[in-house]
Amino acid sequence: MVYVALLRGINVGGNNKVEMAKLKLTFEQLGFTKVKTYINSGNIIFEGPDQNHLQLASQIEAAITKDFGLNIPVVLRNLKQIQAICKAMPETWVNNSVMKCDVLFLWEEVDNKSALEAMSVKRDIVDLKYVPGAVIWRIDKENVTRGGIDKFIAAPIYKKITIRNCNTVRKLKTLMEEAAH
């Protein structure tokens with residue numbers, strides 16, 4: 001089965017530095033195949049056994065702790081889940097000079113529609129859409145500072161997500177589809 005492992009908080013602001021080549025090796029040493037990293041923010045595509053995502057994520061987290069001395073949370077999504085997220089994301093929602101669109105990948109314990117209620121953003125400025133495994137949001141760039149995103153960052157749910165922009169998620173889908181062949 002093809003997965004993407006999304007690591008939370010690596011290589012951000014000079015913190016939790018992880019070299020992608022070494023991270024790739026960590027995944028290969030776990031027995032995963034077709035391992036490929038995408039950009040420097042902790043996106044690893046790989047082929048692995050069809051097993052419980054939480055158990056697989058725990059294995060990966062333990063290997064990262066062993067190899068890098070860092071406690072990095074990992075969320076996994078398989079190809080079918082990434083395809084569903086991309087299908088739910090309107091094509092007009094993009095990340096460019098006038099619009100910001102992100103996918104907030106949810107940890108299991110917050111993965112339900114009530115996650116929308118926990119996000120203290122201004123609904124008249126921020127468009128939110130829940131799809132199993134994620135919340136997709138879109139805001140016009142001119143409104144970013146007025147959307148309440150700063151309050152969301154302080155909310156408890158923020159520690160239970162990892163964020164990728166929509167362009168990255170669409171690219172991950174393409175890379176995963178290539179790995180599946």
Side-chain angles (χ1 to χ4, degrees), residues 2-16 18 20 23 36-46 53 57 72-180:
V2 176
Y3 296 96
V4 62
L6 304 162
L7 282 59
R8 186 178 196 279
I10 68 162
N11 300 330
V12 178
N15 296 317
N16 295 330
V18 174
M20 293 299 103
L23 184 60
K36 180 175 185 149
T37 62
Y38 177 68
I39 63 178
N40 208 31
S41 60
N43 308 295
I44 303 91
I45 296 157
F46 66 97
H53 286 194
I72 303 294
V74 175
V75 66
L76 292 180
R77 294 292 178 262
N78 63 35
L79 175 56
K80 186 176 177 182
Q81 292 167 316
I82 292 294
Q83 288 171 327
I85 291 166
C86 286
K87 184 176 180 184
M89 192 175 357
E91 288 183 28
T92 57
W93 288 17
V94 296
N95 202 52
N96 62 18
S97 61
V98 296
M99 184 185 302
K100 180 170 180 50
C101 177
D102 292 315
V103 178
L104 292 66
F105 290 94
L106 305 166
W107 262 252
E108 292 269 330
E109 61 266 30
V110 295
D111 185 7
N112 57 62
K113 202 166 188 162
S114 67
L116 294 174
E117 305 310 315
M119 296 181 182
S120 52
V121 295
K122 294 182 181 174
R123 300 290 175 88
D124 57 330
I125 296 175
V126 180
D127 294 316
L128 293 173
K129 185 172 189 164
Y130 171 78
V131 58
V135 169
I136 307 163
W137 74 7
R138 187 214 68 83
I139 186 168
D140 293 332
K141 287 245 175 135
E142 67 185 7
N143 292 326
V144 167
T145 58
R146 299 181 328 186
I149 293 169
D150 54 335
K151 289 181 187 174
F152 167 65
I153 290 170
I157 194 171
Y158 185 74
K159 294 194 183 311
K160 301 290 182 183
I161 64 169
T162 188
I163 303 171
R164 302 296 186 275
N165 77 52
C166 66
N167 301 339
T168 297
V169 176
R170 288 176 174 132
K171 179 65 176 180
L172 290 171
K173 176 179 124 0
T174 299
L175 294 171
M176 292 173 76
E177 287 170 342
E178 290 169 2

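Values reported hereafter were calculated over all heavy atoms of this structure, with side chains retained and with hydrogens, waters and symmetry mates removed.
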Engineer: Other residues, nucleotides and ligands only: do more than 12 of their heavy atoms fall within 6.0 Å of CD on E109?
Structural biologist: yes
Engineer: With a 4.5 Å limit on heavy-atom distance, are the side chains of M176 and R77 in contact?
Structural biologist: no
Engineer: Measuring from atom NZ of K36 to atom CD1 of I45, what distance do you get when rounded to the nearest 0.5 angstrom?
Structural biologist: 7.0 Å
Engineer: Kindly give the heavy-atom pair with the smallest separation between V126 and W137, and that separation in Å.
Structural biologist: CG1-CB, 4.0 Å
Engineer: When the ring planes of Y3 and H53 are compared, do they come out parallel, tilted or perpendicular, using 30° and 60° as the limits?
Structural biologist: perpendicular
Engineer: Which is it for D127 and K129 under the salt bridge (Lys or Arg N to Asp or Glu O under 4.0 Å) test, yes or no, and what are the steps along the way?
Structural biologist: CA-CA 7 Å; D127 294 316; K129 185 172 189 164; over 6 Å; no
Engineer: How long is the span from the CG atom in L23 to the CD1 atom in I44, to the nearest 0.5 Å?
Structural biologist: 4.0 Å
Engineer: Check whether N78 reaches the backbone of K80 with its side chain - one donor and one acceptor, N or O, closer than 3.5 Å.
Structural biologist: yes
Engineer: From T92 OG1 over to M99 CE, what is the distance, rounded to the nearest 0.5 angstrom?
Structural biologist: 6.0 Å
Engineer: Between W93 and C166, is any pair of side-chain heavy atoms under 4.5 Å apart?
Structural biologist: no
Engineer: What pair of heavy atoms forms the shortest contact from C101 to N95, and how long is it?
Structural biologist: N-OD1, 3.2 Å
Engineer: Hey, mind stepping through I82 and V4 against side chain to side chain contact (heavy atoms under 4.5 Å, CB included) and telling me if it holds?
Structural biologist: CA-CA 9 Å; I82 292 294; V4 62; 4.0 Å; yes
Engineer: Might you point out which heavy atoms bring D111 and A134 nearest each other, and give the distance in Å?
Structural biologist: OD1-N, 4.3 Å
Engineer: Measure the CD-CG distance between Q81 and L76 for me, rounded to the nearest 0.5 Å.
Structural biologist: 9.0 Å
Engineer: Do you know which two heavy atoms are closest between R164 and S41, and how far apart they sit?
Structural biologist: NH2-O, 3.4 Å
Engineer: Quick one: does any side-chain atom of R8 pair with a main-chain N or O of I161 as donor and acceptor, under 3.5 Å?
Structural biologist: yes
Engineer: Provide the closest heavy-atom pair for L79 versus A180 in the form atom of the first, atom of the second, distance.
Structural biologist: CD2-CB, 3.9 Å
Engineer: Please check if the side chain of N165 supplies one atom and the backbone of T168 the other of a donor-acceptor pair under 3.5 Å.
Structural biologist: yes
Engineer: About how many Å separate CG of L106 and OH of Y130, when rounded to the nearest 0.5 Å?
Structural biologist: 6.5 Å
Engineer: Could you tell me whether K141 atom NZ has more than 12 heavy atoms of other residues or ligands within 6.0 Å of it?
Structural biologist: yes
Engineer: Give me the atom names and distance for the closest heavy-atom approach of L6 to N43.
Structural biologist: CD2-OD1, 3.4 Å
Engineer: Nearest 0.5 Å, please: how far is CG in D102 from OG1 in T162?
Structural biologist: 10.5 Å
